[in-house]
Amino acid sequence: MSKSDVSDPTSSRHSTTFPLAAAALCDAVAVVVFVLIGRANHHDGFALIGVLQTLWPFLVATAAGWSIAYVYAHVRSSEWFGSDFRPARIIPSGLVIWICTVAIGMVLRYLLHQGVALSFIIVATIALGLFMLGWRAVVAYAMRKYF
């Protein structure tokens with residue numbers, strides 16, 4: 001083993017990345033959990049059409065956040081056809097996805113007259129931040145500890 005193998009942060013111990021599909025699923029689950037908890041707390045029920053009506057603006061916003069984070073990673077990249085898009089990282093991808101989920105989700109709700117009271121914006125920001133950045137923190141810890 002050469003000296004460069006020991007000090008190289010891209011050695012095999014640190015090169016493991018969290019799969020893209022798993023990261024997307026974790027974000028979708030975070031949004032679904034947020035919506036289900038909100039509907040339960042407001043006694044809105046779990047009828048499929050009602051859940052979907054509440055859910056879709058935030059899922060669309062999450063997809064937009066993923067797109068923006070992806071484009072940002074490509075713009076930042078020094079490679080022509082590659083990027084360092086890693087959505088499981090808290091900074092910058094996780095922050096971009098979380099902020100877009102809240103901001104775009106609220107704009108869609110406003111446009112559709114679904115209600116965007118200040119208290120809801122605050123609760124949504126905190127809850128989605130906890131869920132969306134929380135799973136990333138757990139993954140980061142696990143990746144450092146076990147991989």
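Here the structure is a predicted model, which is why all the values come from computation and not from measurement. If you read the sequence from its start, that first residue is 1, and numbering goes on from there.
Taking 4.5 Å as the limit, some side-chain heavy atom of Leu133 sits within range of a side-chain heavy atom of Leu95. The shortest side-chain heavy-atom distance between Asp44 and Gln53 does not fall under the 4.5 Å cut-off. Between Val139 and Arg89, the closest side-chain pair of non-hydrogen atoms is not below 4.5 Å. Taking 4.5 Å as the limit, some side-chain heavy atom of Ile37 sits within range of a side-chain heavy atom of Asn41.
Here the closest non-hydrogen pair linking Ala61 and Thr101 is CB-O, 3.4 Å. The two residues Ala124 and Val102 have their closest heavy-atom pair at O-CG2, 4.1 Å. Shown here for Gly65 and Cys100, the closest heavy-atom pair between the two residues is CA-CB, 3.4 Å.
No continuous path of ILVMFWY side-chain contacts below 4.5 Å connects Ile104 to Val71, so the two sit in separate hydrophobic clusters. Cluster annotation: Leu55 is connected to Val29 through the hydrophobic network of ILVMFWY side chains, with a link wherever side-chain heavy atoms come within less than 4.5 Å. Under the 4.5 Å side-chain heavy-atom criterion for ILVMFWY residues, a single connected hydrophobic cluster contains both Leu25 and Val33. Both Leu36 and Leu52 are part of a single hydrophobic cluster, where members link through side-chain heavy atoms under 4.5 Å apart. Using a 4.5 Å cut-off between side-chain heavy atoms of Ile, Leu, Val, Met, Phe, Trp and Tyr, with links allowed through other members, Val31 and Val51 fall into the same hydrophobic cluster.
With values rounded to the nearest 0.5 angstrom, Leu108 atom CG is found 8.5 Å from Gln114 atom CD. Going from atom CE of Met106 over to atom OG1 of Thr125 covers 6.0 Å, rounded to the nearest 0.5 Å. Atom CD1 of residue Ile126 and atom CD1 of residue Ile121 lie 12.0 Å apart, to the nearest 0.5 angstrom. Atoms CE and CD1, on Met132 and Ile99 in that order, are 10.0 Å from each other to the nearest 0.5 Å. Atom CD1 of residue Ile97 and atom OG1 of residue Thr62 lie 8.5 Å apart, to the nearest 0.5 angstrom. Rounding to the nearest 0.5 angstrom, the gap separating the OH atom in Tyr70 from the OG atom in Ser93 is 12.0 Å.
Under the ring pair (Phe, Tyr, Trp, His ring centres under 6.0 Å) criterion, the residue pairs touching residues 42-63 are Phe34-Phe58, with sequence neighbours excluded. Listed by first and then second residue, the ring pair (Phe, Tyr, Trp, His ring centres under 6.0 Å) pairs involving residues 88-143 are Phe18-Trp135 (not counting sequence neighbours).
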In sequence, state the C-alpha distance, the side-chain angles, and the governing distance for Arg136 and Asp27, and then conclude on side chain to side chain contact (heavy atoms under 4.5 Å, CB included). CA-CA 9 Å; Arg136 286 173 169 84; Asp27 276 341; 2.7 Å; yes
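Within a 6.0 Å sphere centred on CD1 of Ile91, other residues, nucleotides and ligands contribute 12 heavy atoms or fewer.
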